[in-house]
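As structure tokens, the structure follows; a few thoughts come after it.
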Amino acid sequence: MTSAPTAEDLIAHYGLEPIPREGGLFRRTWAGPERPDGRPAGTAIVALLTARPGDFSALHRLPTDEVWHSYLGDPLELLLLAPDGSARTAVLGPDVLGGQYVQFTVPAGTWMGGRVVAGGAWSLFGCTMAPGFTYGDYEHGDAADLTARYPTEAARIMALCRP
């Protein structure tokens, strides 16, 4: 029997690299065949966030649904800001009977940002999209715009935004 992996073990094993603008580390693990519009039919990544300062998934939105999968480590908290002005939190983790999700779909057009839960060290997760992700799809969140639209979530928005 082997010991539990560390974040460093997983970074080395998967050859994880920084996610541009958003934050965290990732590796694309699958891309489906190219469609007539040039996009892949689907994509999947494995990604890692740690509790280190500045390590979080910055608020962003995508034009299609994105499915998040929890794999290993500590739970991951997602702030979700819906187009209708509502906000909610989803926690990815193993305690499904306690309200956590091992798989969660973020609807298209929803602002999303995440971090390892307080007291945690790291979280290994994955994301899948169909049609597949392209960098042109990524819309980076602006703290001023988002706090104006979702004032009750201002503190959390500020904590999950990058310039």
Side chains of Q100 and P94: does their closest heavy-atom pair fall under 4.5 Å? yes
V91 reachable from L76 in the ILVMFWY side-chain graph, under 4.5 Å edges: no
Within the 4.5 Å heavy-atom criterion, are L92 and L78 side-chain neighbours or not? yes
Is any side-chain heavy atom of L79 closer than 4.5 Å to a side-chain heavy atom of W111? no
In plain terms, say whether R52 and E8 are close enough for a salt bridge, that is, a side-chain N and a carboxylate O under 4.0 Å apart. yes
Taking all non-hydrogen atoms of both residues into account, name the closest pair between R35 and P40 and its distance. CD-O, 4.0 Å
Any side-chain heavy atom of P131 sitting closer than 4.5 Å to one from T64? yes
Determine, step by step, whether L81 and T110 satisfy the side-chain contact (heavy atoms from CB on, under 4.5 Å) criterion, reporting the C-alpha distance in whole Å, the side-chain angles of both residues, the deciding distance to 0.1 Å, and the verdict. CA-CA 6 Å; L81 306 172; T110 299; 5.6 Å; no
Mind running side-chain contact (heavy atoms from CB on, under 4.5 Å) on E139 and L62 for me, showing each step along the way? CA-CA 6 Å; E139 185 178 354; L62 299 166; over 6 Å; no
From CD (Q103) to OG (S70), nearest 0.5 Å: 10.5 Å
Within a strict 4.5 Å, meaning less than it, do heavy atoms of the D65 and V106 side chains meet? no
Please say yes or no: joined through hydrophobic side-chain contacts below 4.5 Å, possibly via intermediate residues, are L59 and I19 part of one cluster? no
Contact check, side chains of L16 and V46, non-hydrogen atoms, under 4.5 Å: yes
Hey, are R156 and T89 close enough side-chain-wise for a donor-acceptor pair under 3.5 Å? yes
Could you give the distance from OG (S123) to CG (D55), rounded to the nearest 0.5 Å? 10.5 Å
Is it the case that the side chain of S86 and the backbone of A82 share a donor-acceptor pair, with hydrogens and angles ignored and the cut-off at 3.5 Å? no
Give a yes or no answer on whether the side chain of T128 reaches the backbone of A44 with a donor-acceptor pair at less than 3.5 Å. no
Answer with yes or no whether the hydrophobic clustering places M129 together with W68; edges join I, L, V, M, F, W, Y residues whose side-chain heavy atoms lie under 4.5 Å apart. yes
Mind checking the CD-OH spacing from E22 to Y135? Nearest 0.5 Å is all I need. 9.0 Å
Verify the cluster assignment for L80 and L49: are they in a single hydrophobic cluster under the rule of side-chain heavy atoms below 4.5 Å apart? yes
Check whether V117 and Y101 end up in the same hydrophobic cluster, where Ile, Leu, Val, Met, Phe, Trp and Tyr are linked by side-chain heavy atoms less than 4.5 Å apart. no
Taken to the nearest 0.5 Å, the spacing of L160 CG from L146 CG works out to 10.5 Å
Kindly indicate whether the side chain of P20, heavy atoms from C-beta on, has any atom under 4.5 Å from the side chain of F26. yes
Please name the pair of heavy atoms, one in D142 and one in C161, separated by the smallest distance, quoted to 0.1 Å. C-SG, 4.3 Å
If the threshold is 4.0 Å, N to carboxylate O, is there a salt bridge linking R39 and D137? yes
When you measure from the side chain of D74 to the backbone of A121, do you find a donor-acceptor pair of N or O atoms at a distance under 3.5 Å? yes
N-O pairing of R27 and E17 below 4.0 Å: yes
For the atom pair CG (L48) and CD1 (I11), what is the distance rounded to the nearest 0.5 Å? 5.5 Å
Would you check if the distance from the ring center of F125 to the ring center of H69 is below 6.0 Å? no
For the pair L25 and Y14, evaluate side-chain contact (heavy atoms from CB on, under 4.5 Å) and give the outcome as yes or no after the intermediate values. CA-CA 10 Å; L25 301 169; Y14 286 106; over 6 Å; no
Nearest heavy-atom contact between A51 and V116 is N-CG2, 4.2 Å
Taking every heavy atom of A31 against every heavy atom of R28, the minimum-distance pair comes out as CB-NH1, 3.9 Å
Any donor and acceptor pair, going by atom type alone, linking the side chain of H60 with main-chain N or O of M112 inside 3.5 Å? yes
Does F56 have R162 sitting over its ring (NZ/CZ under 6.0 Å from centre, angle to axis within 45°)? yes
Rounded distance (nearest 0.5 Å) linking atom CD1 of I157 with atom OG1 of T152: 7.5 Å
Please give me the minimum heavy-atom distance between V96 and V102, naming the atom from each residue. CG1-CG1, 3.7 Å
What pair of heavy atoms forms the shortest contact from H140 to A58, and how long is it? CE1-CB, 3.9 Å
